[in-house]
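Here's the structure, in structure tokens; my notes come after.
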Amino acid sequence: MGSSASCLASQAPYDPDAVLKKFPAINNTETLKKYITYARQNNHLEKIKEKFRDENIIDENDTLTTGLKPFNVFARFASDAMPNPVDQSLLGDFADMFMVCHNLPENDLKWNDPDFYGASMAGPDDYGPGHVFITTRDLSFKRFNILPIVLENDAWFVSRLLLAAINYTANRGWTDVGFYFHCYPANSVQSLHLHVVNKDTAGPTLKKQMHKNLDIYDVLDAMDARHLF
């Protein structure tokens, strides 16, 4: 009976709400490893791909769509379907692979408001917002989130992204920095984006998001790739 139930569970469609109920926090090496084991056992990647095709999040080539329905802001920026006004020079040599994006102006403006949903995690300095995103220019399904990247054990990609983020924050002069993923399905946009946060100007949202702020170094630990840094 147990074996049959397990088989039926592995064949069931992907249910984000059920996953979030089972994993209310995916925010460190231990919780990520547990979710990755569960995702592999239940064939989650293929189920998510099927779900995304049905919802037009990816096309027949398993590439993120860049139209208006659904509206994927990071995919639209990365594909140049929508102009990104943010200066990319602070990424240095990594600008060909990644892109810096800013939050909505209202979210940045209300960074210190504990009651404002979507507020940025940190306040600005003299050179711009204290919470930015670094996304990838690769729009393939395998890069839509940190989940498939970890499932494929692509430590090389994560290491490149970390170097890009370090390069950016060094150029901004930040010394206390957080680099966070939101692992699917605890994310909001189906396009990979690393949250880059100046913790010297941290706001209340940083603490409120800790249940899903997955540090990039914990990701490397989960892939046994921390030795790269």
Side-chain angles (χ1 to χ4, degrees), residues 26-33 73-75 77-78 84-103 107-108 111 120-140 142-184 186-189 191-203 205-207 209-210 212-229:
I26 306 174
N27 60 356
N28 54 36
T29 302
E30 181 182 3
T31 53
L32 177 61
K33 281 185 171 182
V73 62
F74 296 115
F77 278 146
N84 182 359
V86 179
D87 178 14
Q88 302 300 313
S89 65
L90 297 187
L91 286 175
D93 294 339
F94 295 98
D96 289 339
M97 190 173 182
F98 301 108
M99 175 181 283
V100 180
C101 305
H102 286 179
N103 210 336
N107 294 351
D108 283 335
W111 67 275
S120 295
M121 295 189 214
D125 58 19
D126 292 339
Y127 303 99
H131 173 192
V132 303
F133 313 102
I134 299 182
T135 190
T136 174
R137 295 181 185 271
D138 183 347
L139 299 183
S140 61
K142 66 180 182 179
R143 298 278 166 76
F144 91 88
N145 185 260
I146 192 58
L147 175 61
I149 294 168
V150 175
L151 284 169
E152 294 186 0
N153 205 39
D154 192 351
W156 179 87
F157 179 84
V158 177
S159 69
R160 297 302 94 186
L161 180 51
L162 177 54
L163 287 173
I166 290 172
N167 201 68
Y168 174 84
T169 55
N171 283 326
R172 286 290 300 271
W174 296 355
T175 56
D176 188 9
V177 188
F179 302 124
Y180 308 112
F181 296 107
H182 290 170
C183 184
Y184 183 82
N187 61 320
S188 56
V189 181
S191 189
L192 181 77
H193 50 288
L194 180 70
H195 296 257
V196 181
V197 181
N198 181 6
K199 294 197 288 185
D200 280 332
T201 60
T205 300
L206 177 62
K207 185 175 182 179
Q209 300 274 32
M210 288 312 292
K212 61 180 178 179
N213 279 349
L214 176 61
D215 194 289
I216 194 170
Y217 292 104
D218 287 336
V219 171
L220 289 167
D221 279 343
M223 294 191 291
D224 295 322
R226 186 65 175 257
H227 63 278
L228 294 174
F229 291 88

To the nearest 0.5 angstrom, please state how far the [atom1] atom of [X] sits from the [atom2] atom of [Y].
X    : Y    : atom1 : atom2 : value
S159 : I216 : OG    : CD1   : 8.5 Å
D215 : N28  : CG    : CG    : 10.0 Å
L91  : I166 : CG    : CD1   : 12.5 Å
R172 : D125 : CZ    : CG    : 4.5 Å
I26  : I146 : CD1   : CD1   : 12.0 Å
F181 : L161 : CZ    : CG    : 4.5 Å

Sole candidate of F179, F144, F133 that passes ring-ring contact (aromatic ring centres under 6.0 Å, His included) when paired with H193 | F133
Short question: side chain of [X], backbone of [Y] - any donor-acceptor pair under 3.5 Å?
X    : Y    : result
R137 : A95  : yes
N171 : L90  : yes
N27  : M210 : yes
N145 : Y184 : yes
T135 : L192 : yes

What closest approach, in Å, do [X] and [Y] show between heavy atoms, and which atom pair accounts for it?
X    : Y    : answer
L220 : A155 : CD2-O, 4.4 Å
C183 : L147 : SG-CB, 4.1 Å
L163 : F94  : CB-CZ, 3.5 Å
W111 : A202 : CZ3-O, 3.8 Å
L214 : D218 : CD1-CB, 4.3 Å
N84  : C101 : ND2-SG, 3.8 Å

E30, CD atom: more than 12 neighbouring heavy atoms under 6.0 Å | no
From the options D108, T201, T205, select the one residue that forms a side-chain hydrogen bond (donor to acceptor under 3.5 Å, both in side chains) with S120.
-> D108
Among R143, K142, R160, the one residue meeting side-chain hydrogen bond (donor to acceptor under 3.5 Å, both in side chains) with D154 | R143
Between D138 and T136, do the side chains contain an N or O donor and an N or O acceptor separated by less than 3.5 Å?
-> no
State whether a side-chain donor-acceptor pair under 3.5 Å links N213 with H182.
-> yes
Please report the C-alpha distance between V86 and V132 in whole Å, then the side-chain angles of each, then the deciding distance to 0.1 Å, and finally whether the side-chain contact (heavy atoms from CB on, under 4.5 Å) criterion is met.
-> CA-CA 10 Å; V86 179; V132 303; over 6 Å; no
Any side-chain heavy-atom pair of V196 and V100 under 4.5 Å = no
With the side chain counted from C-beta on, respond yes when N103 and P129 share a heavy-atom pair under 4.5 Å apart, and no when they do not.
-> no
Measure up the Y168 and W174 rings against each other and bin them: parallel (under 30°), tilted (30 to 60°), perpendicular (over 60°).
-> perpendicular
Should the pair H195 and H131 be assigned to parallel (<30°), tilted (30 to 60°) or perpendicular (>60°) ring geometry?
-> tilted
Could you go step by step and tell me if F157 and F98 meet the ring-ring contact (aromatic ring centres under 6.0 Å, His included) rule?
-> CA-CA 11 Å; F157 179 84; F98 301 108; 5.6 Å; yes
